[in-house]
Amino acid sequence: MRTFATGEAMAEAAATEVARVVQDAVARRGTCLLVLAGGSTPRDLYENLSVEPRCSQIAWSSMRLFWGDERCVPPHHPASNYAMARETLLSRVPIAKESAHRIHGELEPKRAAELYEKELRRVAGEVLPRFDLVLLGVGTDGHTASLFPDTPDLLEEQRLVVATVSPDPPRNRVTLTLRALNASRQVMFLVRGEDKASVLRDVMVPADAGSPQQLPAALVRPREGRTLWFVDRPAAAEIPARQRT
Ligand code: 6PG
């Protein structure tokens, strides 16, 4: 876990890491499959990627962008994760519209999930797409993407995308499943703010080491990939010093 004095410092370091991963993926495989997170935490990161020096470091024409989840609202709606990424990143960088594979939140949720899974398999691999980097946040209840605690979605072993329901509005969501997330080469969690301190402790240090971890954010552990945590100091307040770097 890398901790930073402020959220701004975290976003700056995260932009450096994203640019490094993208360059490495493009150099090795000719393309980079990057999954964007929703919510508010990634805004600074996306803006950092859209300005120099990172903007020129990134081979935007070799990128394929996806979303980890979406609220079932139209793409111009203020709650849309796509709208947030368009405002802070897509509208500012030279990436082709067809290289940003959004989840069609304006459709009926199950239909949107089916179409997104088909798009994923068409672009990223029929059997099991392997994303180069997945950006994720953590909710105060331990959710990540739109995988919420105590839901059957956490047990999904076949599908890559499901329609689900959030306890908070907008309720209807579409999300990547753990099967899709855990096939990734690298996952980067971005966590900031003192309101995340207790849930981050529960994710990183389960109350009872013997009990199976149930918080969705703790279940994202790519089998053949790396999990990075970028956390600001207020969010890391309850993490033992030995787990911070
Ligand atoms: C969403 C995100 C969700 C988010 C967390 C943290 O659609 O809201 O996918 O998983 O990352 O809720 O949100 P904040 O960054 O706003 O704290």
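One-based numbering, in listed order, for ligands and for the atoms of each.
Taking the six-membered ring where the residue is Trp, the centroids of Phe189 and Phe230 are separated by 6.0 Å or more.
Residue pairs meeting the salt bridge (charged side-chain N to carboxylate O under 4.0 Å, His left out) criterion with at least one member in residues 27-43, sequence neighbours excluded: Asp24-Arg28, Arg29-Asp132, Arg43-Glu87. Identified under the salt bridge (charged side-chain N to carboxylate O under 4.0 Å, His left out) test for residues 144-156, with sequence neighbours left out: Glu156-Arg159.
Counting heavy atoms of neighbouring residues, nucleotides and ligands inside a 6.0 Å radius, atom CD of Glu8 exceeds 12 of them. Remark: Glu52 CD is packed, more than 12 non-hydrogen atoms of other residues, nucleotides or ligands lying under 6.0 Å away.
At least one heavy atom of Arg71 sits under 4.0 Å from some atom of ligand 1. Within the 4.0 Å heavy-atom shell around ligand 1 one does not find Glu70.
The N/O atoms of Ser146, backbone and side chain alike, include none that comes under 3.5 Å of an N/O atom in ligand 1. Between Pro42 and ligand 1, no N or O atom pair is found at a separation short of 3.5 Å. In terms of polar-atom proximity, defined here as any N/O pair under 3.5 Å, Thr144 makes no such contact with ligand 1.
Side chain to side chain, Arg54 and Thr16 meet the donor-acceptor criterion of an N or O pair below 3.5 Å.
Applying the 4.0 Å criterion to heavy atoms of Lys196 picks out, from ligand 1, the atoms 6 (C), 14 (P), 17 (O). Against a heavy-atom cut-off of under 4.0 Å, Asn81 is close to the following atoms of ligand 1: 1 (C), 7 (O). Taking a cut-off of under 4.0 Å to the non-hydrogen atoms of His143, the atoms of ligand 1 that pass are 3 (C), 5 (C), 10 (O), 12 (O). Shown in contact with Gly137 at under 4.0 Å from a heavy atom are these atoms of ligand 1, numbered in order with element: 11 (O).
Atom 15 (O) of ligand 1 has Thr41 OG1, 2.6 Å as its closest protein atom, hydrogens excluded (heavy atom only). What sits closest to atom 6 (C) of ligand 1 on the protein, heavy atoms only, is Val138 O, 3.5 Å. Atom 13 (O) of ligand 1 has Gly39 CA, 4.0 Å as its closest protein atom, hydrogens excluded (heavy atom only).
In this structure, the side chain of Thr88 engages the main chain of Met84 through a donor-acceptor pair within 3.5 Å. No side-chain donor-acceptor contact under 3.5 Å links Arg201 to the backbone of Ala197.
Taking all heavy atoms of Gly139, Gly142, Ala145 into account, the minimum distance to atom 3 (C) of ligand 1 is reached by Ala145.
Relative orientation of the His143 and Phe148 rings is tilted, given thresholds of 30° and 60° on the angle between their planes.
Only the side chain of Asp69 comes within contact range of ligand 1, with a heavy atom under 4.0 Å; no backbone atom does.
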